[in-house]
Amino acid sequence: MNGAGIIKGLVETARNFAGSYHDRERLTTVQYPEETLPPVENARTLPFLVYDGGDAMAGLRCTACMICEKECPPQCIYIIKDQARKPDYMGKMQLQPKVFDIDMSVCMSCGICVEVCPFDAIKMDQVFELSTDDRFAGLLFDNEKLARPNEYFRQLHKTEASEVDARREEEKRKAAAKAAAKPPLPGGVK
Amino acid sequence: METLEQLKARIEAAAPGVRVEIVPNGNPANPASLLVDGGHARAAAAFLRDDPALAFDYASNVTGVDWPERTVRERIKVKRMAGGVEREVEEVCERKTPAYLEAVYHLYSMSRKDGPLILRLRTENRTDRVSLPSLTPVWRSCEFQEREIFDLYGIVFEGHPDLRRILMWPEFADHPMRKDYAEPDDYEYEPTPHDAVLARARGHYPGGTQP
Amino acid sequence: MSARFSPPELAGTDFEHPLLEVSLGPHHPSTHGVFRMDAALDGETVVKLKPVFGYLHRNHEKIAEKCSYLGSMPFTDRLDYMCSLTNNWGYALAVEKLTGLAVPERAEYIRVILGELTRLINHSAVVGFLLQDMGAMGTPLMYAFREREKILDLFESLTGARMMCNYMRFGGCRCDLPPGWIGQARGVAAKFPLFLDEFEALLTGNEILKARTEGVGVLTPELAVNAGVTGPMLRASGVNYDIRKVDAYGVYGRMDFRVPLGERGDVFDRYMIRILEMRESLKILDQALRDIPDGPILNLNAKLRNLRPKPGEAYGRIEGPKGELGFYLISDGGPNPYRYRVRPPSLINLTVLEDMCLGQTIADAVVILGSVDIVLGEVDR
């Protein structure tokens, strides 16, 4: 019969229409911003810097090694090293960044800075509601704006954060065990 | 597929006067290529396409490469007279590599499902003698790709049905993919400058670029 | 061809048979991006049609000469932005040929799974957009997008991003599958055939679709081969050339699947080939999800930073959803490639656009362009 194909198609459309009243699979619209989708653990949008402890600037894990600046494909990271050093989680004195700027309008969320960082200092955030009316400075994030505590990192990426924490604890434990096992040098000098 | 030596012999037999050279690949696991001279390239290409044993009917990829002049310092052994005795000594010699533009063609055979044959065509220099024969009459797939090489490198393909710029706008004057292309220096604000961009930014913003 | 209409007042002048020049300009909802077609029309019939592009040209090849090999990987996502994982795979394959790195088996299976999922999302979107261009006002498009979302969710939970995945690395993949991912993927692959059945019930027998696509935009196999056309467009013309079978890269040699071929080479054949290829992709997915072994996902000798391949060149190609996607790399021993070239299937498939559109009406030209399946990110790079 001429027109059978069109009628068959209309039956499909009717099935989807009627089904959208009772089947969540057929009606998949999420009424944002009243509803939001649940966060996905591995999702990445923009980077942030991790700090341990309470003080953001003193606890920053970043040692200004410049590897992320060098590897960033669109070159959106700008670091100036500070001459003053600070101790890291193992007690070793490390450099720190005086200026650490990321231009978020250039950043393309590739995550290469996270992959190459040897100190677990920079990780990917999941925020996307960053609209601003200042075209240049509004999206240029500096140290303060980028820093987030380790608890925030653990809340976003549970598996990765617990693995990083476990590894750091293990290194601290091994260093402490090694220091305890060493015999004290004569004269009381360690 | 036949070896490159056999192919070279057959091309030389089919297109008399052609000069074919085998260019080795730096990585021996990957195929080497055949360098064909510009005057007889179209005859050689037609032979490769029409010969029933080869049947290279599919030109997959046409690439332009820019080889500017480089100074290479090598240690070579030369014979020198010293105190009446001829001895071989090592000397450091400087030589300039030739400068040319190159078009690289990757050919496959769809009917025989055969692997890549790489043809290379080189211009005489990078300045005024930059023309090569177009292989579009042999393989139509070269049409847009040769236009792109003309646009971005400046190789003029003779015999191309419609040689004009394809990606850049028609009034544009330079060839962007060349190694000595100078990018235009017009940008308004560089928040995270690096290296060469930082040097140029300092010229534009003498007070410093950081807010 | 329609009879040429000529206004009587122009008889005998230079303007006797005027051709109408239309620019289906870059700002157009049906041109799949910033793409322009300069058409000369005689009434409604196309007499000449020249494609014009370059509006999205970002000189990706020159950027790659300034970035390291790893740094170019996120830029390959943005070439054919609908299929970022197959772009990554093509580039990783080319660098692996250049450096001689072997890929562990689990990584090869993951690559095949993600490659076939990418083929599913590309083909469903293309068919949706083809119907949109024909005036189906979004219904098939939205049904296709509803199914795509499930696959994009899979990508997000594995790679971190829905479209710009940046997941393949030289010598393997970036990170391993999270727990439960295979089960989720199996669930999506189990529901997809039901969606395809509904989709075909909606479209394939539809008389309007048949009237608008049968006999339209015919491409002969000889012209297709000579013009370098690859992918579903080539197979719709009847030429049996699928790089997954010819080169058998990755573990495709172990997969059992057929290559659908068309008979007439018109728009309807291209639409049907894409539907059939989606069914074959589901077969490959089932096999890969069943057989994936345990093991490492990255070659132990793979280097992230400071990769300096020895001087040489390599050409790596894959069967992307749009055709043969090839990457040609020349290395001079430094950390950046000396020459990096992308062989874009969409650009080369456009060579025959004029040949297919001549003699058809201008409305057919839009449908033919929709069946060629171009993405401007790849055409312009």
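Chain A is the first sequence line, chain B the second, and so forth, proteins listed ahead of strands; every chain is numbered from 1. All values below were derived from every heavy atom in this structure, side-chain atoms included, with hydrogens, water molecules and symmetry-related copies excluded.
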Engaged part of [X] at the chain C interface, taking heavy atoms whose separation is under 4.5 Å:
| X | result |
| --- | --- |
| B:Pro176 | both |
| B:Arg165 | neither |
| B:Arg147 | neither |
| B:Asp66 | backbone |
| B:Val104 | side chain |

Let me confirm one number: the [atom1]-[atom2] distance from [X] to [Y], rounded to the nearest 0.5 Å.
| X | Y | atom1 | atom2 | answer |
| --- | --- | --- | --- | --- |
| C:Asn240 | B:Ser111 | CG | OG | 12.0 Å |
| C:Asn59 | B:Leu167 | CG | CG | 8.5 Å |
| C:Arg341 | B:Ile149 | CZ | CD1 | 7.0 Å |

Should we say atom [atom1] of [X] is surrounded by more than 12 heavy atoms from elsewhere, each under 6.0 Å from it?
| X | atom1 | answer |
| --- | --- | --- |
| B:Glu69 | CD | yes |
| C:Arg58 | CZ | yes |
| B:Arg73 | CZ | no |
| B:Arg129 | CZ | no |

May I ask you to test the [X]-[Y] pair for a side-chain heavy-atom distance under 4.5 Å?
| X | Y | answer |
| --- | --- | --- |
| C:Lys62 | B:Lys179 | no |
| B:His106 | C:Arg343 | no |
| C:His57 | B:Leu152 | yes |

Is the distance from the ring center of B:Trp67 to that of C:Tyr338 below 6.0 Å?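 Yes.
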Would you please go through residues 317-329 of chain C and name the residues with a non-hydrogen atom below 4.5 Å from one of chain B, in numerical order?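 If one takes a 4.5 Å heavy-atom cut-off, the residues of residues 317-329 of chain C near chain B are C:Arg317, C:Glu324, C:Tyr328.
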Interface residues of residues 227-236 of chain C facing chain B - non-hydrogen atoms under 4.5 Å apart: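 Against chain B, the residues of residues 227-236 of chain C that fall inside the cut-off (heavy atoms, under 4.5 Å) are C:Ala227, C:Gly228, C:Val229, C:Thr230, C:Leu234.
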N-O pairing of [X] and [Y] below 4.0 Å:
| X | Y | result |
| --- | --- | --- |
| C:Asp355 | B:Arg140 | yes |
| B:Glu148 | C:Arg381 | yes |
| C:Arg339 | B:Glu102 | no |

What verdict does the side-chain contact (heavy atoms from CB on, under 4.5 Å) test give for B:Ile166 and C:Phe53, after you've listed the backbone C-alpha separation in whole Å, the side-chain angles of each residue and the deciding distance to 0.1 Å? CA-CA 7 Å; B:Ile166 191 172; C:Phe53 38 83; 3.5 Å; yes
Test item: [X] side-chain N/O and [Y] main-chain N/O as donor-acceptor pair under 3.5 Å:
| X | Y | value |
| --- | --- | --- |
| C:Asn226 | B:Trp139 | no |
| B:Asn30 | C:Lys97 | yes |
| B:Asn27 | C:Gly312 | no |

Top contributor to chain C interface from B:Met177, B:Glu143, B:Lys113 [non-hydrogen pairs under 4.5 Å]: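 Looking at each of B:Met177, B:Glu143, B:Lys113 in turn, B:Met177 comes out on top.
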Residue from C:Leu350, C:Asn349, C:Ile348 passing side chain to side chain contact (heavy atoms under 4.5 Å, CB included) with B:Phe144: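 That would be C:Leu350; it is the only one of C:Leu350, C:Asn349, C:Ile348 passing the side chain to side chain contact (heavy atoms under 4.5 Å, CB included) with B:Phe144.
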Can you list the steps and then say if C:Val246 with B:Met110 is a side-chain contact (heavy atoms from CB on, under 4.5 Å)? CA-CA 9 Å; C:Val246 171; B:Met110 275 201 191; over 6 Å; no
Identify which of C:Leu347, C:Val239, C:Asp247 forms the greatest number of heavy-atom pairs closer than 4.5 Å to chain B.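 Among C:Leu347, C:Val239, C:Asp247, the one with the most close pairs to chain B is C:Leu347.
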Evaluate the ring planes of B:Tyr58 and C:Tyr241, with Trp represented by its six-membered ring, and classify them as parallel (under 30°), tilted (30 to 60°) or perpendicular (over 60°).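 Rings of B:Tyr58 and C:Tyr241: perpendicular, over 60°.
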Which bit of C:Lys50 comes within less than 4.5 Å of chain B, counting heavy atoms only: side chain, backbone, both or neither?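 Just its side chain gets close to chain B.
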C:Pro344, part contacting chain B, at a heavy-atom distance under 4.5 Å: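 Contact with chain B is absent: no heavy atom of C:Pro344 under 4.5 Å.
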